2 protein chains.
Amino acid sequence: MPTRSTDLGLALSEVEVPRGFGRGPRWWCANFQDAGFRITLPRQAILEALTNNSTKHLSAEEIYFEVHKRYPGVGLTTVYRTLEILVNMGLVFRFDFGDGKSRYELLQGPNAVTHHHHLVCTNCGRVIDYTEFIEQEKGLLDKIEKVLSEKYKFNIKSHQIQFSGLCEKCK
Amino acid sequence: MPTRSTDLGLALSEVEVPRGFGRGPRWWCANFQDAGFRITLPRQAILEALTNNSTKHLSAEEIYFEVHKRYPGVGLTTVYRTLEILVNMGLVFRFDFGDGKSRYELLQGPNAVTHHHHLVCTNCGRVIDYTEFIEQEKGLLDKIEKVLSEKYKFNIKSHQIQFSGLCEKCK
DNA sequence: TCAGTAATTGAAAATGATTTCCATTATCAA
DNA sequence: TTGATAATGGAAATCATTTTCAATTACTGA
């Protein structure tokens, strides 16, 4: 049985790897070790949760609940700490839709979402990931990124476009 | 003397109106009254502070300090309440650069900034308002806004573009 | 001009997301 | 296997923002 347990009452199962992706469930291990971080069970659990929910915009607490389903020993503090590491490493992007809590999305990995363009209702908080104009946006954004990187000496890691307004119900 | 005082110890001075702008210091009064809100001294002070600092990205507390210089009787609670009204009316835009506090910028009025495109350092929090590519961005964004408004039945009020990364010092 | 009335206010308390503290536990290089 | 040290979880602390509430104020109609 591909399960092992620890004193904390955690259990790590093997993750199903979708066919067609070049990188397995532990694609991030090299990132961690190169940066001097250790591979721990809580971190594996958190990355598993992020990978399995890459199309959602989970908050830290929602990630905690998600992790908690399978690894009840992992604490909310560790979720926050791990997310900070992941954001700093550029593996995860932190969004803010104005509802007072940060939201997180995988930037790299087997289920990474690469397009972070949103339509946000400022009243009810509904978020739509729109995928129209990807190509046109990409062309312009790449050009802008190149120019800004050089002019302002920034090492640009990501970008976002956000339209805000009122959705049909809230108008 | 163009100053009057109240029981709260407030003092409202006349505001210098820059020549060349079509709208005076009270351009927002109609917005407030049409929406059923009253014109009060604290609200005048807060709009004055926003107008005089339109190129900065002030937090609620910074706006409070700014207001406090001339109107020491105005409380932080009122600053928050007024900002919420202004954001809902579309006169002010609320940003979040990831440092845990919201930032506010005038969308309308004599000193309004219309271009909300930023380059943010995720380490030190430095924010650069870049003005390159305004025309090209505008063309594409207007087109996207039109299509998204119709498709998703949104009443879009504003947009933002944000590039995140590390500045020269933090690399 | 002058109340009457409901909106607005400031201070203090409450809230809620995130961080810090610290004693315990787990990872991994030697 | 072991020891140094990184990582952990729970509790407490922090900090931005919101709520509560009694006092004050702005605007309405007389």
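A, B, ... follow the sequence lines: proteins, then strands. Residue 1 opens every chain. Please read all numbers here as calculations on a predicted model, not as lab measurements.
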Colleague: More 5' along DNA chain C: A/Asp99 or B/Gly36, using each one's nearest nucleotide?
Modeller: B/Gly36

Colleague: Of the nucleotides C/dC28, C/dA17, D/dC27, which one has an atom closest to the side chain of A/Lys101?
Modeller: C/dA17

Colleague: Could you work out which one of D/dA7, D/dA16, C/dT18 sits closest to the side chain of A/Phe37?
Modeller: D/dA7

Colleague: Does C/dT19 have OP1 or OP2 under 4.0 Å away from a side-chain N or O of A/Tyr80?
Modeller: no

Colleague: So A/Ser102, base contact, sugar-phosphate only, or nothing? Heavy-atom distance under 4.0 Å.
Modeller: sugar-phosphate

Colleague: Nearest to the side chain of B/Gln33, heavy atoms from C-beta on, is which of D/dT8, D/dT17, D/dC27?
Modeller: D/dC27

Colleague: Among the nucleotides C/dC21, C/dT18, D/dT18, which one has an atom lying closest to any side-chain atom of B/Thr77?
Modeller: D/dT18

Colleague: Within the side chain of A/His115, is there an N or O that forms a donor-acceptor pair under 3.5 Å with the backbone of A/Tyr130?
Modeller: yes

Colleague: Answer yes when A/Lys171 and A/Glu168 have at least one side-chain N-carboxylate O distance shorter than 4.0 Å, and no when they do not.
Modeller: no

Colleague: To check you understand the geometry: which heavy-atom pair defines the closest contact between B/Leu106 and B/Gln108, and what is its length?
Modeller: CD2-O, 3.4 Å

Colleague: Judged by modelled atom types alone, do A/Asp129 and A/His118 share a side-chain donor-acceptor pair under 3.5 Å?
Modeller: yes

Colleague: Between the protein and nucleotides 3-5 of chain D, which nitrogen or oxygen pairs are less than 3.5 angstrom apart?
Modeller:
| unit_1 | atom_1 | unit_2 | atom_2 | d |
| --- | --- | --- | --- | --- |
| D/dT5 | O2 | A/Arg38 | NH1 | 3.4 |
| D/dT5 | O2 | A/Arg38 | NH2 | 3.4 |

Colleague: From the options C/dT18, D/dC21, D/dT8, select the nucleotide whose nearest atom is closest to the side chain of A/Arg43.
Modeller: D/dT8

Colleague: Is B/Arg94 reaching over with its side chain to a backbone N or O of B/Ser102, donor-acceptor style, under 3.5 angstrom?
Modeller: no

